[in-house]
Enquirer: 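Starting off with a structure, shown below.
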2 protein chains.
Amino acid sequence: MDDRDAQLREGAERLALTLTESGMQRTTARVMTALLFSQQETMTAADLCEELKISSGAVSGAVKQLIPTGMIERVPAPGSRRDHYRFRDHAWATLMGNQNTLLDSMWNAAAEGIKAAGKESVAGRRLDEMQDFYGFMQREMAALIDKWREGYDAGMR
Amino acid sequence: MDDRDAQLREGAERLALTLTESGMQRTTARVMTALLFSQQETMTAADLCEELKISSGAVSGAVKQLIPTGMIERVPAPGSRRDHYRFRDHAWATLMGNQNTLLDSMWNAAAEGIKAAGKESVAGRRLDEMQDFYGFMQREMAALIDKWREGYDAGMR
DNA sequence: CCGAATGTTTACAGATCTCTGAAAGTTCGA
DNA sequence: TCGAACTTTCAGAGATCTGTAAACATTCGG
């Protein structure tokens with residue numbers, strides 16, 4: 001049983017590492033995966049400090065980054081003065097949805113480049129392909145995420 | 001005209017910054033966007049050193065990262081001993097395609113977690129949703145990229 | 001083969017990022 | 001309004017990352 005717990009903790013750390021490698025901050029990723037893999041419904045800041053062996057300041061910083069992205073939420077805990085945190089339902093879909101803003105800036109970067117270079121130029125042609133691609137992705141990704149949401153909610157019933 | 005060039009260079013730097021913020025290394029991003037926004041078909045390492053004011057070692061390192069991802073390629077330059085680099089066609093589609101390996105590791109992380117936690121547990125239910133989501137995305141993303149490729153190639157004709 | 005022209009690797013210095021620890025701030029029950 | 005229980009902020013130490021310079025490797029014309 002303790003063995004199971006160790007495996008979970010290890011899995012959490014491994015995923016955190018992957019996320020770190022693709023750009024997320026180390027501590028932020030660790031806090032997120034700790035909440036994801038926890039067998040408790042919610043965890044307090046103190047729980048996170050102990051589990052991850054980090055200071056309360058570090059937890060506070062990570063939480064501050066995570067909440068606005070919609071990955072975790074603060075839940076009121078009746079009878080406790082401590083903040084409780086929970087990994088949100090559909091967090092992954094939210095996360096991927098946020099990527100849309102990135103898609104957006106890519107499209108914009110291409111558009112601005114075309115304005116400066118002209119469509120009929122060496123750079124213009126490259127940027128045109130880029131714009132086409134990101135325009136397409138932007139439209140389709142939003143639809144795709146909705147499709148998953150619907151399918152998942154339907155399966156729940 | 002020189003003004004146009006300045007705007008292009010600025011656009012390149014701005015995009016590099018965005019990319020850096022979402023996890024790409026600074027110099028790698030700068031080399032990539034320099035090639036993307038360049039009005040030349042290809043650039044040599046020396047061109048990149050001058051344009052970006054960085055050492056040849058830095059260029060070498062960036063190129064080493066970029067080539068395996070499929071974003072740029074080395075092109076043989078008849079009559080020149082120098083290596084020439086070019087931003088690849090469909091590079092963006094390739095880049096997004098590579099994300100599939102990330103989707104894959106997310107799915108795997110979820111699967112391993114479920115194995116350790118059991119499906120019918122607090123963590124198990126969270127991981128089950130995660131696995132469902134990434135399984136879905138993996139299947140659909142590949143299809144989406146193909147769809148864009150087809151559409152774009154058709155438009156070319 | 002030699003040696004000039006390039007490309008690659010690497011030790012190290014500087015820049016940057018990230019945590020900690022402690023002080024300051026907030027909240028809430030009494 | 002006080003003070004205990006927490007959380008947030010922040011300066012600074014330490015760890016990490018990054019780019020340079022120079023040594024080393026490679027390539028190719030002659």
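In what follows, chains carry the letters A, B, and so on, assigned in the order in which the sequence lines appear, proteins first and then strands, with residues in each chain numbered from 1.
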Enquirer: With a non-hydrogen cut-off below 4.0 angstrom, is B:Arg74 in contact with a base, only sugar-phosphate, or nothing?
Expert: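 Sugar-phosphate only.
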
Enquirer: Do B:Trp148 and A:Tyr134 have ring centres separated by under 6.0 Å?
Expert: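 No - the distance between ring centres of B:Trp148 and A:Tyr134 does not fall below the 6.0 Å cut-off.
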
Enquirer: Using side-chain heavy atoms (C-beta onward) and a distance below 4.5 Å, is A:Phe37 in contact with B:Arg126?
Expert: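 Of all side-chain heavy-atom pairs linking B:Arg126 with A:Phe37, none is under 4.5 Å.
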
Enquirer: Report the nucleotide, chosen from D:dT20, D:dG19, D:dA5, that has the shortest atom-to-atom distance to any side-chain atom of A:Arg81.
Expert: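 Among the listed nucleotides, the one closest to the side chain of A:Arg81 is D:dA5.
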
Enquirer: Applying a 4.0 Å non-hydrogen cut-off, can you work out what B:Ala46 is touching in the nucleic acid: base, sugar-phosphate, or nothing?
Expert: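 No contact at all - B:Ala46 keeps every heavy atom at 4.0 Å or more from the nucleic acid.
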
Enquirer: Looking only at the side chain of A:Ile54 (C-beta and beyond, no hydrogens), which of the listed nucleotides D:dT8, C:dT20, D:dG19 gets closest?
Expert: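 So the side chain of A:Ile54 is nearest to C:dT20.
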
Enquirer: Could you state the atom-to-atom distance from CG of A:Leu48 to C1' of D:dC6 in whole Å?
Expert: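 Computing the A:Leu48:CG to D:dC6:C1' distance gives 14 Å.
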
Enquirer: Mind calculating the distance between CG (A:Leu66) and C1' (D:dT7) to the nearest angstrom?
Expert: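 One finds 17 Å between C1' of D:dT7 and CG of A:Leu66, rounded.
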
Enquirer: In whole angstrom, what separates B:Asp47's CG from C:dT6's P?
Expert: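 Computing the B:Asp47:CG to C:dT6:P distance gives 12 Å.
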
Enquirer: Can you figure out which of D:dT7, D:dG19, C:dG7 approaches the side chain of A:Ala45 most closely?
Expert: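 So the side chain of A:Ala45 is nearest to D:dT7.
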
Enquirer: For A:Asp83 and C:dC28, give me the distance from atom CG to atom C1', rounded to whole Å.
Expert: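 Atom CG in A:Asp83 sits about 13 Å away from atom C1' in C:dC28.
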
Enquirer: What's the closest nucleotide to the A:Arg82 side chain, out of C:dG7, D:dT7, C:dT20?
Expert: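 The closest nucleotide is D:dT7.
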
Enquirer: Ignoring backbone atoms, establish whether A:Gln25 has a side-chain N or O less than 4.0 Å from OP1 or OP2 of C:dT18.
Expert: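 Answer is yes, contact under 4.0 Å.
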
Enquirer: Does B:Arg14, at its CZ atom, have more than 12 non-hydrogen atoms belonging to other residues, nucleotides or ligands within less than 6.0 Å?
Expert: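 Enclosed: over 12 neighbouring heavy atoms sit under 6.0 Å from CZ of B:Arg14.
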
Enquirer: Measure CE/A:Met43 against C1'/D:dT7 and give the value in whole Å, please.
Expert: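 Checked: the CE to C1' distance equals 17 Å.
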
Enquirer: Can you tell me which nucleotide in C:dT20, D:dT8, D:dT20 comes closest to the side chain of B:Ser55?
Expert: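 Of all the options, the side chain of B:Ser55 is nearest to D:dT20.
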
Enquirer: With sequence neighbours excluded, tell me which residues meet side-chain hydrogen bond (donor to acceptor under 3.5 Å, both in side chains) with B:Glu13.
Expert: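 side-chain hydrogen bond (donor to acceptor under 3.5 Å, both in side chains) list for B:Glu13, sorted by chain: B:Arg30.
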
Enquirer: Counting only side-chain nitrogens and oxygens, does A:Lys64 get under 4.0 Å of the OP1 or OP2 atom of D:dT9?
Expert: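 Yes, because at least one side-chain N or O of A:Lys64 sits under 4.0 Å from OP1 or OP2 of D:dT9.
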
Enquirer: Expressed as a whole number of angstroms, how long is the span from A:Glu50:CD to D:dC6:C1'?
Expert: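 For the pair A:Glu50 CD and D:dC6 C1', the rounded distance is 16 Å.
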
Enquirer: Could you tell me how far apart A:Leu52 (CG) and C:dT20 (C1') are, to the nearest whole angstrom?
Expert: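 Roughly 15 Å, once rounded to whole Å.
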
Enquirer: Could you give the CE-to-P distance, from A:Met24 to C:dC17, as a whole number of Å?
Expert: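 After rounding, the reported distance stands at 18 Å.
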
Enquirer: Go through the steps for B:Gln138 and B:Asn100 under the test side chain to side chain donor-acceptor pair (under 3.5 Å), then give the verdict.
Expert: CA-CA 6 Å; B:Gln138 223 176 317; B:Asn100 273 167; over 6 Å; no

